[in-house]
Amino acid sequence: MILYPAIDLKDGQAVRLLRGDMDKATVFSDSPATQAKAFEDAGCEWLHLVDLNGAFAGEPVNGAAVEAILAATNVPAQLGGGIRDMQTIATWIEKGLARVILGTVAVENPDLVREAAREFPGKVAVGIDARNGKVATKGWAEETDVMVTDLAKSFEDAGVAAIIYTDINRDGAMQGPNIEATEALARAVQIPVIASGGVSSLTDLTALRDTGVISGAISGRALYDGALDLKEAIAALK
């Protein structure tokens, strides 16, 4: 199982939100690129980047910070937030991004996900963010009636590289991930599932790994707070 250190970008800084609330942001670094390099130096295999402003704006906002991260590191990075058309997808992949994460458009324009996955094999993931089993979009500001499993299954034949499943109620709350729901989703689809939201200890990571069906986990606040040691966690997951 791969551990993805998270760098959430707001106004050019690396922050963490509590349950997706933009008004509850804690700034962890004024230099996201320096933070990314520190994660790489600790041995991470991937980076997980989120353009928080972009998720609300519907277009990239923290592009300069993302480009600085790509320039400073050599590990593959995936990015979500405000990526809602083919031009933006193509631009990011040309700039060296290993994977784009499509969230809101996966609900509103699933054909775009399919087109992108065909055009850029292995480079398109679907981000499914849920509150109480139902998908939320537009930076989690809008709730839909779409069920998580239904959305995931609709992309079974699309060739997407991964599904990143976030339980919004757990995100940034340091209360542990929703292992039961994540495992159920991973067993329901053939697409690799990456867990996000609430991963706050080595115990959480090993519990996710021990399901045998979850391919990755994303952690942010726990790494910044020191509740999770990145080197130790990577070694434990080997």
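Because only heavy atoms are used, hydrogens play no part in the values below, and waters and symmetry mates are left out as well, while side chains stay in.
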Could you walk me through whether Leu205 and Leu228 pass side-chain contact (heavy atoms from CB on, under 4.5 Å), step by step? CA-CA 10 Å; Leu205 284 172; Leu228 189 61; 3.8 Å; yes

Would you kindly confirm whether Ile101 and Val189 end up in one hydrophobic cluster when ILVMFWY residues are joined by side chain heavy atoms under 4.5 Å apart? no

Say whether Ile218 and Leu202 are linked into one hydrophobic cluster, either directly or through other cluster members, by side-chain heavy-atom distances under 4.5 angstrom. no

Count I, L, V, M, F, W, Y as connected when their side-chain heavy atoms are under 4.5 Å apart, and connections chain through other members. Are Val107 and Val193 then in the same cluster? yes

Please tell me whether Phe155 and Val105 are part of a single hydrophobic cluster in this structure, the criterion being side-chain heavy atoms less than 4.5 Å apart. yes

Under 30°, 30 to 60°, or over 60°: which ring-plane class applies to Tyr4 and His48, parallel, tilted or perpendicular? perpendicular

Spatial distance of atom CZ (Arg170) from atom CG (Asp204) [nearest 0.5 Å]: 9.5 Å

As a quick check of understanding, evaluate side chain to side chain donor-acceptor pair (under 3.5 Å) for Ser196 and Thr166, giving each step before the final call. CA-CA 5 Å; Ser196 173; Thr166 304; 3.2 Å; yes

Between Lys95 and Glu67, is the closest basic N to carboxylate O distance under 4.0 Å? yes

What's the separation between atom NZ in Lys153 and atom CG in Leu185, rounded to the nearest 0.5 Å? 9.5 Å

Could you grab the distance from atom CD1 of Ile128 to atom CD1 of Ile191, nearest 0.5 Å is fine? 7.5 Å

Would you say Leu3 and Phe28 are hydrophobically clustered, going by side-chain heavy atoms of ILVMFWY under 4.5 Å? yes

What I want to find out is whether Glu40 reaches Lys37 closely enough, with some N-O distance under 4.0 Å, to be called a salt bridge. yes

Under 3.5 Å, is there a donor-acceptor pair between the Ser31 and Gln35 side chains? no

